[in-house]
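Notes to accompany the following structure.
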Number of protein chains: 2
Amino acid sequence: MNQAASTGDKLILAAIDLIAEQGYDGTTTKEIAAAAGVSEVTLFRHFGSKQSLLVAAFERYHYAGEMTKLFNERLTWDVRTDLLLIGRTYHAIMNRNRKLLAIAQKGGSRLPEEVHKHASQHPVQLKKLLTNYFSTLHEQGKIAPIDPEITAMSFMWMNLGAFSSNLLESSNSDVTLDTFIEQSVDLFARALAP
Amino acid sequence: MNQAASTGDKLILAAIDLIAEQGYDGTTTKEIAAAAGVSEVTLFRHFGSKQSLLVAAFERYHYAGEMTKLFNERLTWDVRTDLLLIGRTYHAIMNRNRKLLAIAQKGGSRLPEEVHKHASQHPVQLKKLLTNYFSTLHEQGKIAPIDPEITAMSFMWMNLGAFSSNLLESSNSDVTLDTFIEQSVDLFARALAP
DNA sequence: TGCTTTTGTAAGTACTTACTTACATTTTAT
DNA sequence: ATAAAATGTAAGTAAGTACTTACAAAAGCA
């Protein structure tokens, strides 16, 4: 079943782990090769350069299609239910891409541009989807007439802040992430009640 | 009036600018010295090492006392008024410390620990202050019985997300920061209404 | 003016790092 | 078994970088 990872994959995974922790400039090709359990020459034989290795990592492991699919297929038009699903999905996606996002955030002097392009797609798209969602809810008379764009930004940024914060210090408090999502959705549902 | 900046200050300011943009590892002492308009040796004569220079930068320009002072002296116990003031002050502080925060966020292989200590003080403190505030409001019967800690985290993280997002791409949309603060405070005030 | 402090220039050291080359060894496929 | 492909070892190159040393120029102060 679980066939051994290929040399290329081992290198990509090691690169993601190390660069996410130490930054692009702070991680050497020798370290990456050692962590992957291969020699440094093998790294260059496979990817040619440190930059191409990182680009390959992003192309292989960065995906963002779930949100659009969710908005097209799984909405119930009940505020509480939908926001809960959106919030949970948001954190699931972000968490899965956590390391790649950390890499983009930290930057680096010779860090390839592809990295930033990949990382900046999410928020723009989500804001549009959420704004449309709140607009429609208002047209349906299900929520009070509050600016849909502001509402979308508030919800999005609240979850981005929660995510960034948990990223840094996981043992921040005794409130678990899921409790926070549930309760904050409640808060929004109250605010939007017609 | 505006007496010329000392050599040490010129170096500190140049270091903050460059390292915030390029990261610690990605910025050379030669660059910093050139940006400050002095020679590289002068940098080492003043600070001894690249690390000490950064530590000096944090000690000189990182301050966080305003929030505590605000909570002790300027609260009116009207939700809308207070949250507006808190939100605005939060962004003012974060914005002033924007570059230092970016430095801490990006990290670096030899980046001194002091940097992280300085940067992690804000949020913990603010959460406590806000949680106490909402607890007291509830005791005064001015808001509905919603978990004060969750409310505090929601408000804090919403503003953190807004700040981080504006940090990355300033021309994000046509909603200005101040409009966002006002409207999001409205949203919270609605949610908390008894 | 003379003395001290600060700064610049020039050169260099010691170390790291991305990347290369040449050759021997192992693994895989047929 | 044998050829081909993938990997390891060893050594090295070229460039960058934090930091040092020695000496001369300049600026401030007595």
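Numbered from 1 within each chain, the chains take letters A, B, ... in sequence-line order. Predicted model only: the values in this text are computed from it and were never measured.
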Close side-chain approach of A/Gln105 to B/Lys106, heavy-atom, < 4.5 Å: no
Between A/Thr29 and A/Glu40: side-chain donor-acceptor atoms closer than 3.5 Å: yes
pair A/Arg80-A/Phe188: side-chain heavy atoms closer than 4.5 Å: no
Side chain to side chain, B/Ile150 and B/Ser154, heavy atoms closer than 4.5 Å: yes
Integer-rounded Å distance: D/dA18 C1' and B/Leu18 CG: 16 Å
Near-strand residues of residues 24-52 of chain A, defined as heavy-atom separation under 4.0 angstrom from DNA chain D: A/Gly37, A/Val38, A/Ser39, A/Val41, A/Thr42, A/Arg45, A/His46
B/Gln125 and B/Thr68: side chain donor to acceptor below 3.5 Å: yes
Atom pair distance, as rounded to whole Å: NZ in B/Lys10 and C1' in C/dG8: 13 Å
Separation of C/dT17 C1' from A/Gln22 CD (nearest whole Å): 14 Å
